[in-house]
Amino acid sequence: MHASWLGLRGRIVLALSIAFVASHALLATVAVRLTDRMLERERRRSASATLSVLATAIDEGASADVLLREATSSGALRGIELRWPGVEAHTHGRIGMGAVVRVPLRTGGSLHGWTEPPGAEVTRPLADLLLLYFAVTGSAVIVLGFVALTVLVVRPIERATRAADRLASGRRHEPLPERGARETVALSRAFNAMAEQLRADRQALEARVAELERTTAELRAAREQVLRSERLASVGRLAAGVAHEIGNPLAAILGLVELVREGGLSEAERAEFLGRIQRETERIQKTIRGLLDFARRGQGSSAATPRSTSDLSRIVEEAARLLAPQKDLRGVTLERRLAEHAHVRGDPDALAQLVLNLLLNAADAVRGRGHILVEVEPDERGDWIRLAVTDSGPGIAPEVMGSLFEPFVTTKPPGEGTGLGLAVCHTIVERHGGRISARNVPGSGACFEVWLPAAGPEARTSDANDQK
Ligand code: ADP
């Protein structure tokens, strides 16, 4: 049985009691036995003397009957038997129990006497005396032993335990007093040394943690900086397409304004021209707003833990819309296979950046002519959402295959590529608890595959409510 409920003091009392009882029980038994034996011997000796006197008297012709009765009634012997050969034995008192003493008669025959067994009246006082002695000495030994062990062993252990508890809970260590028995002093010294060492280690650790926190903060700031620059780079690239996109409606507006100014139009024509001017202006406004939205997005929020949910399919649609005006995408077919309700838990702005980076890279790879396939679909169990961008370009160059997601890895000529796009993608995916990989598809170009954790059903519901 596990007896940890019994403290050190309890155990000491128990051990002392057991040791005391074990050693003194033996002593008591030996004392009682020896006393018994001595009494027995004494009784035999006096019985044999009594019987010798009786035998002499009987041999000299005294009446055996009277003598024997007197002897038994006086208590000297318990029972006496006089045996003569050929004659029935004379018996007095109780015979057959206890020790027997035999004395021969000179005239033939013999006297047999039985002594009294040792009575309680003899052994009882001795037992009481022994008990008293044991009680007194036992209590004294237990109390003294208890006090000595408490002072010498238990107290120092308790002090050390309290100090260890204080240390463990991070409170200030108060040195243990270095006094008492040699071993106690050694224990206190060792403990104090350990506490001092721990204090130094803790200080060093705290300094390291503070330094690490500073470095982490700096790294986070640097990462945010990279994300921001990447976003601005994308905006710059998109701006070219946007400029082209708004060029046509602007030209149309200018022409229409010219016609209206020249006059000579019927009221109906004027109204129609003004309507067209309004529609073209709205188109320009929409295009510019799309770009501005993207540029403004995520300012100050990109470091936040992704908490909201976003429909990845919708994000792909938006990115495709932003990309559509790009000049170098005119000869490219952008195929979309987008599952409905592909909800992921994450920051929509960062995810938009991720999709845009992959699409821009694919656009670069196909060099204005080819095919880009974007797929968004949940896995079989609905735990993950897969985003894949496959292009018909030349595939990933072998020299960058192993380090694609590291920053500043690029095969593009200076001024064209920064080598940060995929590193940013990797950071975004990692922050969302997902994974990203790249491979070359035989007979086609590169395929970039991203797995993101799907948002739970409750997130989807709340998202659906938001959209209503
Ligand atoms: P950058 O586009 O500025 O070079 P990225 O990190 O986006 O930086 O890309 C790093 C490199 O990965 C590119 O220079 C290119 O060699 C390779 N890469 C990226 N996407 C593709 C792709 N779709 N097909 C082939 N190679 C690619």
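Remember, it's 1-based here, ligands and their atoms both numbered in the order they're listed. Numbering starts at 1 and runs along the sequence shown. Note that the structure is a prediction, hence the values are computed from the model and not measured.
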Got the closest protein heavy atom to atom 12 (O) of ligand 1, with its distance? Leu404 CD2, 3.2 Å
A student comparing Leu420, Asp391, Ile396 should find that the heavy atom closest to atom 23 (N) of ligand 1 comes from Asp391
Would Gly419 count as a polar contact of ligand 1, with the cut-off being nitrogen or oxygen pairs under 3.5 Å? yes
If only side-chain N and O atoms count, and only distance matters, is there a donor-acceptor pair under 3.5 Å linking Thr309 with His343? no
When you check the gap from the basic side-chain N to the acidic O, do Arg43 and Glu40 get nearer than 4.0 Å? yes
To the nearest 0.1 Å, how far is atom 21 (C) of ligand 1 from its closest protein heavy atom, and which atom is that? Phe448 CE1, 3.7 Å
What is the nearest protein non-hydrogen atom to atom 5 (P) of ligand 1, stated with its residue, atom name and distance? Leu422 N, 3.6 Å
Contacting atoms of ligand 1, where contact means under 4.0 angstrom from a heavy atom of Ala446: 22 (C), 23 (N), 24 (N)
Quick one: does Gly395 get within less than 4.0 Å of ligand 1, heavy atoms only? yes
If you measure from the Lys or Arg side-chain nitrogens to the Asp or Glu carboxylate oxygens, is any gap between Arg9 and Glu158 under 4.0 Å? yes
Could you tell me whether Glu317 and Arg336 make a salt bridge, using a distance below 4.0 angstrom between a side-chain N and a carboxylate O? yes
At what distance is the nearest protein heavy atom to atom 4 (O) of ligand 1, and which residue and atom is it? Thr410 OG1, 2.6 Å
Could you say whether the N/O atoms of Lys412 and ligand 1 ever approach to under 3.5 Å? yes
Only heavy atoms of Ala365, strictly under 4.0 Å: list the atoms of ligand 1 that pass. 22 (C), 23 (N), 24 (N)
Correct closest heavy-atom pair for Gly433 and Pro453 would be O-CG, 3.5 Å
Which of the numbered atoms in ligand 1 are under 4.0 angstrom from any heavy atom belonging to Gly421? 5 (P), 6 (O), 7 (O), 8 (O)
Check this for me, if you would: do Arg283 and Glu280 make a salt bridge, where the nitrogen-to-carboxylate-oxygen distance has to be below 4.0 angstrom? yes
Which of the numbered atoms in ligand 1 are below 4.0 angstrom from a heavy atom of Thr411? 13 (C), 14 (O), 15 (C), 16 (O)
Taking atom 19 (C) of ligand 1 as the reference point, the nearest protein heavy atom with its distance: Asn361 ND2, 3.6 Å
Does this structure show an ion pair linking Asp383 with Arg381, if we count only N-O contacts that are shorter than 4.0 Å? yes
Aromatic rings Tyr133 and His24: how do their planes relate, parallel, tilted or perpendicular, breaks at 30° and 60°? tilted
Which atoms from ligand 1 have a heavy atom of Val409 less than 4.0 Å away? 10 (C), 11 (C)
How about CZ on Arg270, more than 12 heavy atoms from neighbouring residues, nucleotides or ligands closer than 6.0 Å, or not? no
